[in-house]
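Comments concern the structure below.
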Amino acid sequence: MKEKVKILLLGSGGRECAIAWKISQSPRLEKLFVAPGNAAKFGTNVALDPMNFEAVKEFVDANEIDMIVVGPENPLVAGIYDYFRDHSVKVIGPSKDAAQLEGSKEFAKEFMFRHHIPTARFMSVTAETIEEGYHFLESLKAPYVLKADGLAAGKGVIILDSLADAKDTLSDMLEGMFGGASATVVIEEFLSGIECSVFVVTDSEDYRLLPVAKDYKRVGEGDTGLNTGGMGSVSPVPFADEAFMEKVVKNIVEPTLKGLKEENLEYRGFIFLGLINVEGDPMVIEYNCRMGDPETEVVMPRLKSDIIDLFEGMADQTLSIKNVEFDERAAVAVMLTSAGYPGDYEKGKVITGLDKIGECLAFHAGTKENERGEVLTNGGRVIALVAYGNDIADAAQKAKAAAAIVDFEGKYLRNDIANDLLR
């Protein structure tokens with residue numbers, strides 16, 4: 001690959017903002033475009049729909065783009081890697097078939113079953129097999145986990161304490177609660193433990209691990225209330241020590257990559273492993289075929305290596321000669337959200353204080369700029385404030401201090417991010 005490269009990054013959220021920040025630091029970057037981007041200024045925003053592959057191709061050709069980095073899952077599941085297979089541009093991400101690890105919960109669970117990867121007991125249910133689904137629910141203990149098979153914008157997982165509610169919800173999901181995404185529903189045994197996110201980069205032959213992170217999904221303090229896309233994140237994760245990570249690599253990472261190879265599933269990108277620590281043993285809750293959000297906002301700051309070199313390793317199958325170095329400092333992200341999120345919320349509120357947060361990083365998630373140059377809210381999750389620290393407590397204190405400075409009408413945040421890891 002050329003020494004200096006032009007990159008098109010697809011997406012507009014906090015994950016893409018953190019990746020754009022990391023790309024912008026590379027001495028190998030010639031030009032970065034972000035489509036559609038947000039109010040952050042790490043690259044040049046382009047008014048492109050990541051799902052319009054034809055328009056993306058026209059832009060790639062007109063601007064001599066060397067590499068497409070795909071942030072969100074939808075273009076990957078829809079086959080953007082395959083669309084550009086015969087094009088000179090490199091696409092960072094899996095093939096359409098391999099992206100089914102995220103695109104179909106049923107596919108992912110059956111893949112894990114085939115390759116003896118530790119995960120919860122499960123059953124896939126359709127409208128025709130709903131009675132069998134009821135019997136399977138009866139065989140489980142509360143709480144009950146129901147997952148829409150397809151992509152549901154992070155909202156397709158429902159956890160219920162009552163068997164009657166679980167049966168009613170199963171029926172509602174199969175009748176179209178999440179549209180076509182819940183035409184099949186995966187019922188899972190509930191696993192009790194603490195979660196973490198492990199990120200792997202692979203070129204289909206080799207792999208490297210990125211820093212481990214933990215996110216906070218519930219909207220309320222003390223992990224209460226509705227599930228969201230994520231209210232904050234922390235890296236490193238104290239319980240993901242050497243012994244735990246040895247199990248992750250031996251029982252999960254390597255069997256996953258071996259399985260992809262055996263099934264001829266081409267994969268040159270990120271694999272997100274949503275894991276749960278069950279009495280010291282890691283088990284897989286889910287796969288994602290891209291980086292997580294808001295974990296990327298703490299993983300990228302802790303990645304010392306040049307990210308363009310890593311992208312090149314994935315694209316050209318040269319990961320075996322690439323090194324990954326971590327920043328030893330801790331990083332904590334606190335997400336500022338709009339009042340009402342994850343339900344209805346208002347947009348267009350002026351954001352102030354971004355110029356007063358010192359060394360803290362601000363990764364924009366749902367923002368836009370108006371004609372006067374003011375930054376406005378433009379989503380439920382608005383901005384992630386990220387701080388480094390000598391340890392998690394230090395980083396958390398700094399991130400929360402920055403979160404108190406940045407302001408907009410209806411601002412909401414969780415003040416307990418990382419507290420559970422400090423006990």
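The first residue in the sequence is number 1, and the count goes up from there.
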side-chain contact (heavy atoms from CB on, under 4.5 Å) between Leu354 and Ile383: does it pass, once the steps are laid out? CA-CA 10 Å; Leu354 288 169; Ile383 212 153; 3.6 Å; yes
Asp281 side chain near Pro118 side chain, heavy-atom distance below 4.5 Å: no
If you measure from OG on Ser204 to CD on Gln317, what distance do you get to the nearest 0.5 Å? 6.0 Å
Could you check whether Glu295 and Ser197, counting side-chain N and O atoms only, form a donor-acceptor pair closer than 3.5 Å? yes
Is any NZ, NE, NH1 or NH2 atom of the basic residue among Lys258 and Glu254 found under 4.0 Å from an Asp or Glu carboxylate oxygen of the other? no
Between Val284 and Thr256, is there a side-chain heavy-atom distance shorter than 4.5 Å? no
Between Arg121 and Phe190 (side chain of the first, backbone of the second, donor and acceptor by atom type, cut-off under 3.5 Å), is there such a pair? no
Arg414 and Asp223: salt bridge (Lys or Arg N to Asp or Glu O under 4.0 Å), yes or no, with the steps? CA-CA 9 Å; Arg414 274 183 60 173; Asp223 283 329; 3.0 Å; yes
Stepwise ring pair (Phe, Tyr, Trp, His ring centres under 6.0 Å) test for Phe270 and Phe199: CA-CA 7 Å; Phe270 299 102; Phe199 300 98; 8.1 Å; no
Ignoring hydrogens and angles, state whether a donor on the side chain of Thr337 or Tyr345 is under 3.5 Å from an acceptor on the partner side chain. no
Which atom pair, heavy atoms only, marks the closest approach of Ile392 to Ala330? N-CB, 3.7 Å
Is the backbone of Met51 close enough, under 3.5 Å, to the side chain of Asp49 for a donor and an acceptor to pair up by distance? yes
Parallel, tilted or perpendicular, judged at 30° and 60°: which one describes the rings of Phe111 and His115? tilted
My understanding is that only one of Ile417, Asn415, Asn419 makes a side chain to side chain contact (heavy atoms under 4.5 Å, CB included) with Glu221; could you say which? Asn415
Heavy-atom pair with the smallest gap, counting every atom of Thr296 and Ala18: O-CB, 3.8 Å
Quick one: pull up CD1 in Ile80 and CD1 in Ile68 and give me the separation to the nearest 0.5 Å. 5.0 Å
Main-chain N/O of Gly225 paired with Arg218 side-chain donor or acceptor, under 3.5 Å: yes
Return the minimal non-hydrogen interatomic distance between His87 and Asp61, and the atom names on each side. NE2-OD1, 2.7 Å
Going from CE on Met123 to CD on Glu106, what distance comes out if it is rounded to the nearest 0.5 angstrom? 10.5 Å
Test log, rule side-chain contact (heavy atoms from CB on, under 4.5 Å), inputs Phe178 and Ile158: CA-CA 11 Å; Phe178 297 106; Ile158 300 177; 4.0 Å; yes
Got a salt bridge between Asp206 and Lys322, using NZ or NE/NH1/NH2 to carboxylate O under 4.0 Å? no
Are the side chains of Leu385 and Leu361 in contact, using a 4.5 Å heavy-atom criterion? no
Please examine the side chains of Leu163 and Tyr144, heavy atoms only from C-beta on, and report whether any two atoms are closer than 4.5 Å. yes
Are the side chain of Thr228 and the backbone of Val219 linked by a donor-acceptor contact shorter than 3.5 Å? no
Using a 3.5 Å distance criterion without hydrogens, assess whether the side chain of Lys411 forms a donor-acceptor pair with backbone atoms of Val406. yes
Nearest 0.5 Å, please: how far is CD in Glu102 from CD1 in Ile271? 11.5 Å
Assess whether side-chain hydrogen bond (donor to acceptor under 3.5 Å, both in side chains) is satisfied between Thr126 and Glu128, documenting all intermediate values. CA-CA 5 Å; Thr126 62; Glu128 288 72 39; 3.2 Å; yes
Shortest non-hydrogen separation from Phe239 to Glu195 and the atoms involved: CZ-O, 3.7 Å
Within the 3.5 Å criterion, strictly below it, is a donor on Asn38 or Ser12 matched to an acceptor on the partner's side chain? no
Assess whether atom NZ of Lys96 is packed by more than 12 heavy atoms of other residues, nucleotides or ligands within 6.0 Å. no
Got a second to check how far Lys22's NZ is from Phe42's CZ, nearest 0.5 Å? 12.5 Å
Before giving the answer on salt bridge (Lys or Arg N to Asp or Glu O under 4.0 Å), spell out for Glu188 and Lys109 the whole-Å C-alpha distance, their side-chain angles and the decisive distance to 0.1 Å. CA-CA 10 Å; Glu188 269 190 25; Lys109 295 294 283 192; 3.2 Å; yes
Do Lys214's NZ or CZ and the ring of Tyr216 fall within the cation-pi criteria of under 6.0 Å and 45°? yes
Considering all heavy atoms of both residues, which atom of Thr169 and which atom of Met177 are nearest to each other, and what is their separation? CG2-CE, 4.1 Å
With a distance cut-off below 6.0 Å to the six-membered ring centre and an angular limit of 45° from the axis, does Lys349 pair with Phe408 as a cation-pi contact? no
Measure the shortest side-chain to side-chain distance between Pro282 and Phe244 over non-hydrogen atoms and say whether it is less than 4.5 angstrom. yes
Less than 4.0 angstrom from a charged side-chain N to a carboxylate O is my criterion; do Glu205 and Lys261 meet it? yes
Student check: side-chain heavy atoms of Pro72 and Glu16 closer than 4.5 Å: yes
Would you check, one step at a time, whether the test side-chain contact (heavy atoms from CB on, under 4.5 Å) holds for Asp97 with Asn264? CA-CA 9 Å; Asp97 288 344; Asn264 294 314; over 6 Å; no
Run Glu266 and Arg85 through salt bridge (Lys or Arg N to Asp or Glu O under 4.0 Å) and show every step you take. CA-CA 11 Å; Glu266 199 169 349; Arg85 190 185 294 278; 2.6 Å; yes
Set out, in order, the CA-CA distance, both residues' side-chain angles and the distance that settles salt bridge (Lys or Arg N to Asp or Glu O under 4.0 Å) for Glu138 and Lys167, then state yes or no. CA-CA 9 Å; Glu138 288 163 5; Lys167 288 180 175 180; 2.6 Å; yes
Carboxylate-amine/guanidinium contact Glu262 Arg114, below 4.0 Å: no
pair Ser124-Phe136: side-chain heavy atoms closer than 4.5 Å: no
Nearest heavy-atom contact between Val334 and Ala403 is CG1-CB, 4.0 Å
Find out whether Tyr412 and Tyr341 are in side-chain contact, i.e. whether some heavy atom of one side chain is under 4.5 Å from a heavy atom of the other. no
Please round to the nearest 0.5 Å and tell me the distance separating atom CG of Asn63 and atom CZ of Phe33. 4.5 Å
Determine all donor-acceptor pairs shorter than 3.5 Å in which one atom belongs to a side chain in residues 298-309; sequence neighbours excluded.
| from | atom 1 | to | atom 2 | distance (Å) |
| --- | --- | --- | --- | --- |
| Arg302 | NE | Asp327 | O | 3.2 |
| Arg302 | NE | Arg329 | O | 2.8 |
| Arg302 | NH1 | Ser235 | OG | 2.9 |
| Arg302 | NH2 | Asp327 | O | 3.0 |
| Ser305 | OG | Asn323 | O | 3.3 |
| Ser305 | OG | Glu325 | N | 2.6 |
| Asp306 | OD1 | Ser26 | OG | 3.0 |
| Asp306 | OD1 | Ile308 | N | 2.8 |
| Asp306 | OD1 | Asp309 | N | 3.4 |
| Asp306 | OD2 | Ser26 | OG | 2.9 |
| Asp309 | OD1 | Arg28 | NH1 | 2.6 |

From CA spacing to verdict: side-chain contact (heavy atoms from CB on, under 4.5 Å), Leu209, Val324: CA-CA 8 Å; Leu209 295 180; Val324 172; over 6 Å; no
